[in-house]
Number of protein chains: 2
Amino acid sequence: MDQFKNIRIKDVAELAGVSVATVDRVLHKRGKISEKAMTKVMEALEKTGYKPNLIASTLGSNKVFKIAAMLPNPALDDYWNQSGSGIFKATEEWAQYNVRIEPFYFNLYDKKSFQQVSQKVIDFKPDSVLLAPVHYHEALDFFAELKKLEIPYVIFNTNIQEADPLCFIGQDLYQSGRVGAEMLATKLGKKGNILVLHIYEETENAIHVKEKERGFRDYFANNNLNDFTIESFEFPDFNDAVFIRELQQILSKQQVDGIFVPTSKWTHLTALVLDKTGQKDIALVGYDLLKDNIHYMYEGIINFLIHQNPRKQAVKGIGYLVNYLLFKKQPPLSDLFPLEIITRENIKSYIHSDLN
Amino acid sequence: MDQFKNIRIKDVAELAGVSVATVDRVLHKRGKISEKAMTKVMEALEKTGYKPNLIASTLGSNKVFKIAAMLPNPALDDYWNQSGSGIFKATEEWAQYNVRIEPFYFNLYDKKSFQQVSQKVIDFKPDSVLLAPVHYHEALDFFAELKKLEIPYVIFNTNIQEADPLCFIGQDLYQSGRVGAEMLATKLGKKGNILVLHIYEETENAIHVKEKERGFRDYFANNNLNDFTIESFEFPDFNDAVFIRELQQILSKQQVDGIFVPTSKWTHLTALVLDKTGQKDIALVGYDLLKDNIHYMYEGIINFLIHQNPRKQAVKGIGYLVNYLLFKKQPPLSDLFPLEIITRENIKSYIHSDLN
DNA sequence: GTTCAAAATGTTTGCGCACACAAAGATATA
DNA sequence: TATATCTTTGTGTGCGCAAACATTTTGAAC
C-alpha cells in the first residue's frame with residue numbers, strides 16, 4: 001500500500017463494499033448498522049489503517065465552537081492582566097479556525113461576582129470552558145453544572161482536587177516554595193534571619209500561599225540549615241498603606257537578612273518598602289514578571305523572581321481546548337509548568353521571548 | 001456587518017463586483033490584474049476585514065509540503081539527541097496537516113559529511129529546510145544553493161551572521177555567560193578562584209564558547225568583583241581520558257572554588273572528575289539537561305545548569321516553517337530563548353514539563 | 001402475496017478555497 | 001475592418017468529510 005496516498009472514507013467504503021455513509025456511521029457511531037456491514041467496515045478500517053483528515057473534517061462539519069474563558073478582571077490586577085493577554089493571544093492564534101473565544105471576567109474578591117459570571121457563562125452555551133477557579137465552593141457548584149451539561153473544562157492557576165477537569169494547568173506550589181528557599185539560601189550562604197510575608201485571603205489563593213510556605217520551610221528543614229531563622233507574618237487585609245507601615249515597623253525592630261513573598265503583588269510592595277528605607281542588602285525573593293517587579297529587579301532590590309507564566313498558562317489552556325474540540329486530542333491530566341527562576345541577568349531574555 | 005458570519009472570498013468578490021478568481025489573484029499576487037479591479041478588491045478586502053479560512057485553504061490546495069530537518073546525528077550525542085526528539089515531536093504534531101518532515105543527519109565532526117548530506121537535502125527537493133549550521137563555510141555554500149533554488153530556511157542553535165534565514169532560533173550567548181557568572185558569584189559570595197574549561201573545536205561551536213566566556217568575564221568586571229580570579233583552560237582535543245587526567249592534575253595543583261563549563265558534554269565530564277576526587281564543595285555551573293548532567297545535579301555536584309532547550313528549538317523551528325508554508329505567517333527574524341536556570345529544586349519541574 | 005413501517009443503506013450537496021480551464025476584452029497588425 | 005495576440009476576467013471542479021436527504025431492504029401483520 002502506498003503510504004503516501006491518504007486513505008479516504010471513500011477508499012474504505014469501496015474496500016468494504018458499502019457506501020461512504022455507512023462508513024461514516026461506523027466512525028461516528030450514529031444511525032443503525034447491520035452487524036454484517038459493521039464487521040466489513042471494521043475490517044476495512046483495520047486493513048487500510050484509515051486516519052481521518054481532520055482538516056477536511058472541521059471544514060465539512062462547519063461548526064463554530066464556542067469557548068468561554070473565565071478569569072478575574074485583568075484590568076484590576078497586573079497578574080491577571082497577563083492571563084488576559086494570554087487569552088487575547090490565543091484568540092488571535094485560533095481565529096482562523098472555527099473557534100470563538102469569549103472572555104468572562106469576575107471580581108477576584110467577590111464570590112457573588114463569580115457566581116453571577118458563571119451563570120453568564122452557562123447562558124452563553126459554550127462548547128467548553130477555561131477557568132481560573134479562585135473561589136472554592138462557588139467553583140464546585142459551577143463544575144457540577146458544567147458536568148450536568150456535559151461541557152468539558154480546563155482549569156488553570158489554581159487547582160481544586162475535586163474539580164475533575166479535562167486538564168489542570170499550573171505549577172507545583174510546594175516545590176515552588178522549595179525553589180524560593182533554595183535561592184534565598186544560596187544568596188545568604190550559611191545563616192540568616194528570614195521573613196515570610198503573607199496577606200490574609202479568603203480565596204483559594206490562600207492555598208497557594210500555604211503550600212509555598214510549606215515547601216519553603218521544608219527546604220531548610222530537610223537540608224539541616226539550622227542556622228537560619230524563619231518567621232511568618234500574616235497581614236490582616238489588602239490595604240497597601242497598612243502593609244507598608246507595618247512592614248517598616250517590623251524591619252526597624254529586628255535584624256532581617258532575607259524575605260520571601262509568596263505572591264506577586266506583595267512582592268513589589270515589599271520591594272517598595274526596602275527601596276524607601278534603603279535596605280537594599282536584604283535579599284528578596286518573590287513572584288512573577290509584573291511591571292513593578294521587573295523595575296525593582298533592575299534596581300537590584302528584588303534578587304529572584306519565580307515565574308508562574310500566567311500568560312502562557314492561558315494560551316496553553318485554550319490550546320488544549322481547541323485541540324480537544326477540533327481534533328479530538330486529549331490533553332494531559334495536568335500540565336505543571338517549570339519553576340522558572342528569574343534574575344537580573346536573565347530577565348531580559350524572558351521578557352523578549354514572552355512575546356513569541 | 002455580522003461579525004460572526006465568516007466573510008468568504010465569494011463575499012468579497014460580490015462586494016467588489018468581480019469574480020472569485022480575481023480576488024484570488026489579488027490575494028496570492030498571481031496572474032495579471034487591472035488597476036481598477038485591484039483597487040476595488042483591495043477596498044472590499046479592507047471593508048470586510050477578510051481573513052482567509054486556512055482550514056479550507058490547506059484542504060483546497062491539497063499540496064504536500066516537504067520539510068527537511070538537517071542536524072548532527074542524534075545517536076552520537078545526547079545534546080543533539082534532544083534536538084532529534086524535537087523533530088520527532090514536531091512530526092507528530094503536524095501529521096494531520098499536509099506536511100512531511102524528513103530528518104537528515106550528518107556527522108558533527110566531519111565537514112565532508114555535512115556537504116554530502118546537504119546535497120541529499122537538495123535532491124530531496126524540500127519546500128523548506130530547518131538547519132543547525134555548525135560548519136561555517138560549508139553552511140554558507142549550502143545557503144547560497146538554497147537561495148538560488150528559492151527554498152526558505154530556518155536555522156537554529158548556531159547563528160551565522162551572513163546566513164540571512166527566515167528566522168534564527170537560539171540563545172543570546174553573551175548573556176548566557178553572564179547568567180553563568182551571576183550564579184557562580186551568588187553561590188561563592190564575595191571571592192573565589194574560578195576556572196573556565198574549554199575544548200578546542202573546529203566547528204562553529206567555538207563561537208558559542210567564546211561568546212559565553214566573554215559574557216562570563218564581563219559580569220565580574222562590570223560588577224567590580226575584583227576578589228575573584230578567573231582562569232581559562234583550553235584542552236586540545238576531544239579525548240575524554242586526556243581531559244579527565246589533565247583536569248585532575250589542575251585541581252590537585254591549585255585552590256579552585258568554582259568552575260564554569262560553557263558546553264553540555266564537558267559539564268558532566270567535569271562533574272565526573274569532581275565526583276571521583278571527592279571535591280563536591282567546588283561550585284559547578286554548566287549547560288543543558290542531559291542525562292548525565294541531571295544525574296550529577298541530583299548528586300549535588302553540579303549546582304546550576306543553563307538550559308538551552310534544544311528540543312524546543314527544534315519543535316519551534318518546524319512550527320515556524322509550517323506556519324510559513326501553510327499559513328503564510330512570517331516568523332520573527334530571531335527567536336532568542338529565555339536563559340533558563342536549572343537547580344536541584346526546579347530540575348524535576350523542567351523534566352516533566354519537557355514532555356508536553 | 002400485499003401492505004406498511006422500521007431498519008438499513010445509498011446519493012448528494014456544501015463547507016471555503018485553489019487552480020485548471022474557458023471566455024471575454026483590449027491592443028496591435030495587416 | 002478583420003485577424004492575431006496579449007491581457008484581463010470568469011466558470012467549474014475537486015480537496016475529504018459531515019450531514020441532510022433519498023432509496024432500498026427487511027420483516028411483521030394481515
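For the residue pair A:Tyr50 and A:Asp11, no side-chain donor N or O sits within less than 3.5 Å of a side-chain acceptor on the partner.
Note on A:Ile9: only backbone sugar-phosphate atoms sit closer than 4.0 angstrom, heavy atoms only; bases stay farther off. Among the atoms of the strands shown, only primed sugar atoms or phosphate atoms (P, OP1, OP2) are found under 4.0 Å from some heavy atom of A:Ile33.
Closest to the side chain of B:Arg30, from the set D:dC17, C:dC19, C:dG10, is C:dC19. Of the candidate nucleotides D:dG12, C:dT12, C:dG16, C:dT12 has the atom nearest to the side chain of A:Val20. Nearest to the side-chain atoms of A:Lys32 among the listed nucleotides D:dA18, D:dT11, C:dA7 stands C:dA7. For A:Ser19, the listed nucleotide lying nearest its side chain is C:dT11; candidates were D:dT11, C:dT11, C:dC17.
Using a 4.0 Å cut-off, some side-chain N or O of A:Tyr50 falls inside it from OP1 or OP2 of D:dC17. Phosphate proximity of D:dG10 to B:Thr22: present, with a side-chain N or O under 4.0 Å from OP1 or OP2. Look at A:Arg25 and you won't find any side-chain N or O under 4.0 angstrom from OP1 or OP2 of C:dA8. Of the side-chain N and O atoms in A:Ser61, none sit less than 4.0 angstrom from OP1 or OP2 of D:dA18. At the phosphate of C:dA7, neither OP1 nor OP2 sits under 4.0 Å from any side-chain N or O atom of A:Ser34. Regarding contacts with the backbone of C:dA18, a side-chain N or O of B:Ser57 is found under 4.0 angstrom from either OP1 or OP2.
In this structure, NZ of A:Lys63 is placed 13 Å from P of D:dA20, rounded to the nearest angstrom. As rounded to whole Å, 7 Å separates atom P of D:dG16 from atom CG of A:Asn53. Summarising the geometry, the separation between CG on B:Asn98 and C1' on D:dG16 is reported as 11 Å, rounded to the nearest angstrom. In this entry the distance linking CG of B:Asn62 with P of C:dC17 reads 16 Å, nearest Å. Between the C1' atom of C:dG16 and the CG atom of B:Leu27 lies a distance of 12 Å, rounded to the nearest Å. The separation between A:Leu326 atom CG and C:dC15 atom C1' is 14 Å, rounded to whole Å.
In this structure, the side chain of A:Gln308 does not engage the main chain of A:Gln171 through any donor-acceptor pair within 3.5 Å.
The aromatic rings of A:Phe143 and A:Tyr153 lie parallel to each other, with less than 30° between the two planes, well short of the 60° mark.
Checked against A:Met70 for a side chain to side chain contact (heavy atoms under 4.5 Å, CB included), the options A:Leu130, A:Ile87, A:Val117 give a single hit: A:Val117. For the pairing with A:Cys167, the side chain to side chain contact (heavy atoms under 4.5 Å, CB included) check across A:Ile155, A:Leu333, A:Val154 returns one residue only, A:Val154.
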